[in-house]
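Scroll down for the structure; my scribbles are underneath it.
Throughout, protein chains are lettered first and strands after them, A, B, ... in sequence-line order, and every chain is numbered starting at 1. Remember, it's a predicted structure, so these values are computed and weren't measured experimentally.
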Number of protein chains: 2
Amino acid sequence: MGAASAGRSQGIQRTTIKDVALAAGVSVSTASKALNERGRMTLETRERIQGIAQKLGFRPNAMARALVHQRSFTLGLLTNDTYGRFTLPIAAGLSAAMADRGVSVFLCAIDDDPERVRLNVETMEDKRVDGLVVSGKRIDRVLPVDLPAVHMPVVYVNAACPPGAIGFVPDDEGGAHSAVAHLVSLGRKRIAHVTGPRGFGAVGLREKGWLRALSEASLPCFGAALSGEWSEGFGYESGQRLIANREAERPDAIFCGNDQIARGLIDALTLSGVRVPEDIAVIGFDNWEIFATATRPPLTTVDMGLKELGRQAGLTLLDLIDGKPVEAGQRQLPCRLKVRQSCGSEAPSAD
Amino acid sequence: MGAASAGRSQGIQRTTIKDVALAAGVSVSTASKALNERGRMTLETRERIQGIAQKLGFRPNAMARALVHQRSFTLGLLTNDTYGRFTLPIAAGLSAAMADRGVSVFLCAIDDDPERVRLNVETMEDKRVDGLVVSGKRIDRVLPVDLPAVHMPVVYVNAACPPGAIGFVPDDEGGAHSAVAHLVSLGRKRIAHVTGPRGFGAVGLREKGWLRALSEASLPCFGAALSGEWSEGFGYESGQRLIANREAERPDAIFCGNDQIARGLIDALTLSGVRVPEDIAVIGFDNWEIFATATRPPLTTVDMGLKELGRQAGLTLLDLIDGKPVEAGQRQLPCRLKVRQSCGSEAPSAD
DNA sequence: CTGAAAGCGCTTACAG
DNA sequence: CTGAAAGCGCTTACAG
């Protein structure tokens, strides 16, 4: 019990195909063929051997197979988003899709430290993973992965993808457009935009979606987008600022660049007696549930489909590994509006 | 370029030790010895061979080595906390500590679905990982892992650990105690407790820590602990309830069972004009930064040391794998108070 | 239909 | 000091 028994990992001699062959009175090659459903042989022999394998609890050593097949059925996931909210959904989507296909994924946390990246890539190469998915936290930043040195297929998720490479990002512009179009359909006319720092690619795209939806509805643009930190604090300030004017000059809807901003902003409005959604409708971006559901009222927001992003990236990587032709370039996967209560119900009349 | 080149994973023939031996004009066994610093040989030969290996970009195939060493230098991380906040820090701590030692970790997301667990455990066995860390979201729930069937060392993190097994959990009681002791040291006398659902093990332990700190300070227990959801909503309600009485009967400090509750509670106090920390000091539990830093004022809270938990679990698992004796049972790792601004500054006089 | 042989890439006693 | 041989656990042509 306890100490000793727990540590005896070497003690457990696992059943090998040799054991199976011996027990069945056949050669190892025959056993292999029987178990892999290859070649022709009497159904009876095949089933007998399979039965014995089952009885002995035989499970083929994946590394031995990998050695001969030159295919390990493993992937590496490199991510620099160690604490953020992106990696987990992406990793979950990826790993679930891969698990169904017998491929396992190594998690490599890199901290934007090129040395650490090198070390992890090296380890992944040593372990002979079949491919790499590189996942980031900004769609406009490329991770410090020295591609030329990587001898295997790579796919990027939620990160910039170098020329000629393959990547997956959420369709930020489309998501923003659908959010604003939703506000328009509810009859809102003065739709403001409060968002993150100018430097972010996502900020530009979301702003573009906002402007496009406005122009499609022939609505004037309500002031310039307010740009600041991705924080509740900035949302709070912005909320106060947007209601500083007298009522006629206030927006009747605000599209926020992320859920944290939206939350801070709603707090500011509520504290000043402005009602959400009656006076001002608010939409966020991210569908980070812990925020979106805790705002009062619960937040309508744009879901980036991160899980699906991870899934698609994995499936594409498998295609690449199988040598199937895959077009280079970045794909934008659709976002989906998640309607809660911060915009009120559907408008009685949309035009 | 593009499609075709990206998919040609088979095209890259990696350098093998045979190539190195050939280029150096020695046998494969000699090459192996030179590269592994084993056996005796002229320094000159050794360095020559190593130089050639370097030049050819030789990296030994980890699977081939694993096959002969019966050790894969890989681990599996099973977790049912796919979206929560526990897994990521634990995984980061684990994977960082392991990366330094050349061991990689497979991420397996299981959804409390026993079938999915079985599938993942099976895959990990097929891949011949050296051990498993099983990580959960409740210290009082055992994950549906059928241990008898697992032929390798296992360590539990942030989950109940079956009799005879090895586990790591945060010291919830100690953490709670240090939080309340902090309040006491600031001169607070009427310290209430608002926490999660009764069913949770952590709830009982944190309550115990609260009571012990009070009794050590000869302070009366300020009402019974308020128990409800782990949500901002419940925190909000509780905040309103605790200040419903006239001022003399209100608490002067509130220790919350998690950061979400603390945040909702602070919102309620603030909205009612009660000042935090002047009138009532508040402490949370989790140090979930996204919450703790966004509360106004920023939240003093208990950090559970999840990263360290993951690290320790990994190191212990390695010991187990190496056959070193490890005592069975559950270890409680210390929590650490993270002081921000929701309690005010140190008291001018502590007694 | 079945099995001996060679091989995946490496390491480790064991002879020379 | 160096190399041939056997082996880790499996698969795949290739003969019988």
Under 4.0 Å: is that the gap between some side-chain N or O of T42(B) and OP1 or OP2 of dC1(D)?
no
Under 3.5 Å side-chain donor-acceptor pair for T79(A) and T87(A):
yes
Whether N80(B) side chain and I110(B) backbone form a donor-acceptor pair below 3.5 Å
no
Do nucleotides 6-11 of chain D as a string where each nucleotide becomes B, S or -: B if the base has a protein heavy atom under 4.0 Å, S if just the sugar-phosphate does, - if no protein is that close.
--BBBB
Distance between the P atoms of dC10(D) and dC1(C), in whole angstroms?
25 Å
If you measure only the distance, is there a donor-acceptor pair under 3.5 Å linking the side chains of Q50(A) and Q54(A)?
no
Mind jotting down which residue pairs meet the salt bridge (Lys or Arg N to Asp or Glu O under 4.0 Å) criterion with at least one end in residues 42-51 of chain A? Sequence neighbours excluded, please.
E37(A)-R46(A)
Once you round it to whole Å, what is the distance between C1' of dT2(D) and CD of E44(B)?
14 Å
Using whole Å, report how far CZ of R48(A) lies from P of dC1(C).
15 Å
Between the side chains of D19(B) and R14(B), is the shortest nitrogen-to-carboxylate-oxygen separation below 4.0 Å, so that they form an ion pair?
no
Going by the rule ring-ring contact (aromatic ring centres under 6.0 Å, His included), which residues pair with F58(A) if we only count those two or more places apart in sequence or in a different chain?
none
Nearest whole angstrom, please: distance from the C1' of dT2(C) to the CZ of R46(A).
12 Å
Sorted by chain and residue number, the ring-ring contact (aromatic ring centres under 6.0 Å, His included) partners of F106(A) (sequence neighbours excluded) come out as F106(B)
In which ranges does DNA chain C form stems of 3 or more consecutive Watson-Crick or G-U pairs, distances under 3.5 Å?
C:1-3 with D:14-16, C:5-12 with D:5-12, C:14-16 with D:1-3
Would you mind listing every salt bridge (Lys or Arg N to Asp or Glu O under 4.0 Å) that reaches into residues 131-145 of chain A, with sequence neighbours excluded?
R138(A)-D140(A)
For dG3(D), does either OP1 or OP2 sit under 4.0 Å from a side-chain N or O belonging to S27(B)?
yes
